[in-house]
Amino acid sequence: MTLHKTIGLVSSDVYLEHVSPGGHPERPERLCAIIRYLKERGSWNHLKHIPPVAATIDHILAVHTQQHIDRVLNVCERGDGLLDEGDTFAVPKSFQVALLASGGVIDAIDAVLGKKVDSAFCAVRPPGHHAERDRAMGFCLFNNVAIGARYAQQEHDLARVAILDWDVHHGNGTQHIFDQDPSVYYISLHQYPFYPGTGAREERGIGKGEGFTLNFPLPAGTGETRYLQAFTEEIVPTLESFNPGLLLISAGFDAHKDDPLGGMKLTKDSYAKMTDLVKDIAPVVSALEGGYNLEALARCTDSHLNALSRKSSNRLD
Ligand SMILES: [Zn+2]
């Protein structure tokens, strides 16, 4: 009798080679903390490890402009560091690492949709959800989850993909990339007002995409009860009626109460509860975004993975 679902994990030491300037919160130690904790807890041995392959330029071009790709490459090659107004860094290796981060999400999608695993988590960096079509931003070079969504549509013929973003920051990049597209539903819960400033409730999509964006701007100090209310009252019914072939989660863990950047009050158990509420709606691929308290990040990731791996008590399958 199988009690646990099979969970894929994308990880690679290459993700540590995107090296941050001193004191930057988005640092390689984040991934080291996750992997160390998963090994300590024993979860590591139950995961099916998916070695990532770099995304191709064509995969990136499904979401970003050639000018954006060229600019990122040039800054990386020059090795002089900054892509945004000061908070998005790049070193010579960063271009390849960023391709591997997007590629990791693609490989996880192949594994899940190819039924090699039930769901998958991508312990990748740099993160992606702030990266706009034509702009790096907020520690993000390429929008990993957006690239994954387009890949799933193009290579796996999925008519509808949903993206759930519970990072404490609004995923401006992901929203803008898909805001005119009714085939990709973007849902975000985030601290508001806060960086990057977008994500008001009235932002519901544009043109044909109107009604396919759903934002939950939440005040600083919001805790689990309000998050779970949003899930049960709106997010779960919305996802069920949209009926996506794949659910991508922009899994930032910076809404944890101990996060140094976020101001929310979630606990590691909150991430398990949110995961439980959506994990049976469609196959899940989640990708790391933020999360800057190393211990909280590791515990939240483990909690999220454990929830993904548990069979739902109310479903027979
Ligand atoms: Zn964040």
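Sequential numbering from 1 along the given sequence is applied to the chain's residues. Numbering of ligands and ligand atoms starts at 1, following listing order.
- Ion pair Lys5/Asp280 flagged as a salt bridge, since at least one NZ, NE, NH1 or NH2 atom sits closer than 4.0 Å to an Asp/Glu carboxylate oxygen.
- The side chain to side chain donor-acceptor pair (under 3.5 Å) search around Asn293 returns none, not counting sequence neighbours.
- Annotation: angle subtended at the Zn ion (ligand 1) by Asp167 OD2 and His169 ND1 is 150°, to 10°.
- Applying the side chain to side chain donor-acceptor pair (under 3.5 Å) test to Ser12 and every residue at least two apart in sequence or in another chain returns nothing.
- For His59 and Tyr151, the gap between ring centers is short of 6.0 Å.
- Between the Zn ion (ligand 1) and the N, O or S atoms of Asp254, the shortest distance is to OD2.
- At a cut-off of 2.8 Å, His129 does not coordinate the Zn ion (ligand 1) through any N, O or S atom.
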